There are 2 protein chains.
Amino acid sequence: MYRIGELAALYDIKADTLRFYEKHGLLSPSSRSDSGYRLYNQDDSERLKFILRAKAVGFSLNDIADLLSIEVDKSNRACAEVKGLVDTKLEQVEAKLAELQHFATSLKSLSNTCCGGPDSAEHCSILEALESSEQHIIAKKEQHHFSHSGHKD
Amino acid sequence: MYRIGELAALYDIKADTLRFYEKHGLLSPSSRSDSGYRLYNQDDSERLKFILRAKAVGFSLNDIADLLSIEVDKSNRACAEVKGLVDTKLEQVEAKLAELQHFATSLKSLSNTCCGGPDSAEHCSILEALESSEQHIIAKKEQHHFSHSGHKD
DNA sequence: ATAAACCTTAGAGTTTAATCCAAGGTCAAG
DNA sequence: CTTGACCTTGGATTAAACTCTAAGGTTTAT
Ligand SMILES: [Zn+2]
Ligand SMILES: [Zn+2]
Ligand SMILES: [Zn+2]
Ligand SMILES: [Zn+2]
């Protein structure tokens, strides 16, 4: 049995974080002491490990709640559900990745054209690019014509 | 002269967004009508264009406020300042990119090991990987030993 | 003259994942 | 029996960028 501070120390997180997870339905201590202190057992600790691993691969706490609800009822749930959550998250991550790659490309172009010197920015190529839409400097975002189908972003 | 709804329509944003930018010091209409309506002129419109382009290359509104403060006083500011902002943002974008790439790699591994079928998830490899730290499935994050130097993340 | 569309304001709500605070109760050591 | 470390609660705050609401005033067209 761990008290909140002990479990937190074990995983290098704050006690506040554990209270936060509890408030959001991710992890509740299996018991309380006579004086009301939270007491976590080994199963609780394993569940926390699960949560932290899921976080480490990019799941939000809401996603993790979904994963856990499947996990505790594994035998009545399908692999397809689990894989669906992973694939949805992967799509989200790849979309964000594409956006950031676009940012990185544009920022590199901007950086490369600017002298970066101590002289007046009056003719700074970065400012000029932002003032007048110079398409060869600011990478154009690809125009996908997404059909507004039912899946949420 | 544009009223708020007209300017918003011109750039395909909401009138609310323009009020928000005003409240945050990014763009104020150069005048008001007798009845208090915001009136934006061509310069205001150009400034908005600048804001939206800066957003499109990944700058936050705070960053953009900095860029604008240089822009309006160009001749007394150095190229180095502008390039500094771009390079700082590029570093941030690349850090985030690395994190997301790590997520994507892990999620792909997880997805690949799971059959995704309609059968019980009792032996789902994804859940197993999250339960027991299988390092070959969940990519390990590289341990950079950042010195806690003065720059903010 | 009256409805529709538009505008005004201040302020609250959204999302994510905590982090911090205040006021107070508990526990072990000395 | 008192100090200090730890625990309890609810609620406020952070960052980012809007989005929405309520209650009311204005403009334009029929
Ligand atoms: Zn220069
Ligand atoms: Zn320059
Ligand atoms: Zn399977
Ligand atoms: Zn599976």
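Each chain gets a letter, A, B and so on, in the order its sequence line appears, and its residues count up from 1. Please read these numbers as outputs of a predicted model, since none were measured by experiment.
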Round to a whole Å and report the spacing from NZ of K23(B) to P of dT9(C). 10 Å
Any chance the side chains of N112(B) and S109(B) put a donor and an acceptor closer than 3.5 Å? no
Rounded distance (Å) that lies between atom C1' of dA18(C) and atom CG of L52(A): 13 Å
Using modelled atom types only, decide if a donor and an acceptor are shared between the side chain of S111(A) and the backbone of L107(A) within a distance under 3.5 Å. no
With a 4.0 Å cutoff (strictly under), does any side-chain N or O of S33(B) reach OP1 or OP2 of dT26(D)? no
Side chain to side chain contact (heavy atoms under 4.5 Å, CB included) partner of L48(B), the single match among L26(B), D43(B), L18(B): L18(B)
R3(A) side-chain N/O to dC6(D) phosphate OP1/OP2 under 4.0 Å: no
Is atom CG of D12(B) surrounded by more than 12 heavy atoms (other residues, nucleotides or ligands) closer than 6.0 Å? no
From dG11(D), dT19(D), dA17(C), nucleotide with atom closest to D16(B) side chain: dT19(D)
N62(A) side-chain N/O to dT16(C) phosphate OP1/OP2 under 4.0 Å: yes
Earlier contact from the 5' end, DNA chain C, for Y21(A) and S35(A): Y21(A)
Phosphate-side-chain proximity, K55(A) and dA18(C), N/O vs OP1/OP2 below 4.0 Å: yes
Using a strict heavy-atom distance below 4.0 Å, which residues from residues 37-50 of chain A are in contact with DNA chain D? Y37(A), R38(A)
Out of dT9(D), dT16(C), dA17(D), minimum distance to the side chain of R32(A) belongs to dT9(D)
Output the rounded distance in Å from CG (L7(B)) to P (dC6(C)). 15 Å
Starting at atom CD1 of I13(B), determine the distance to atom C1' of dA17(D), rounded to an integer number of angstrom. 12 Å
Any heavy-atom pair between the side chains of L127(A) and K74(B) that's under 4.5 Å? yes
Under a 3.5 Å threshold, yes or no: a donor from one side chain and an acceptor from the other, between S69(A) and D66(A)? no
In whole angstrom, give the distance that lies between atom NZ of K96(B) and atom P of dA16(D). 13 Å
Out of dT8(D), dT19(D), dT8(C), which has the shortest distance to the side chain of I4(A)? dT8(D)
So, Y11(A) side chain and S45(A) main chain: donor-acceptor pair closer than 3.5 Å or not? yes
Need to verify one output field. Residue with the more 5' nearest nucleotide on DNA chain D, G5(A) or D34(B)? G5(A)
Grouping I, L, V, M, F, W and Y whenever their side-chain heavy atoms are under 4.5 Å apart, do L61(A) and V93(A) come out in a common cluster? yes
Measure from NE2 on H24(B) to P on dA10(C) and round the result to the nearest Å. 13 Å
Which whole-number value in Å describes the distance from E22(A) CD to dT9(D) C1'? 12 Å
Could you check which of dT19(D), dA18(C), dA16(D) has an atom nearest any side-chain atom of T17(A)? dA18(C)
Give a yes/no answer on whether the side chain of R19(A) brings an N or O atom under 4.0 Å of OP1 or OP2 in dG11(D). no
Round to a whole Å and report the spacing from CG of L61(B) to C1' of dT19(D). 14 Å
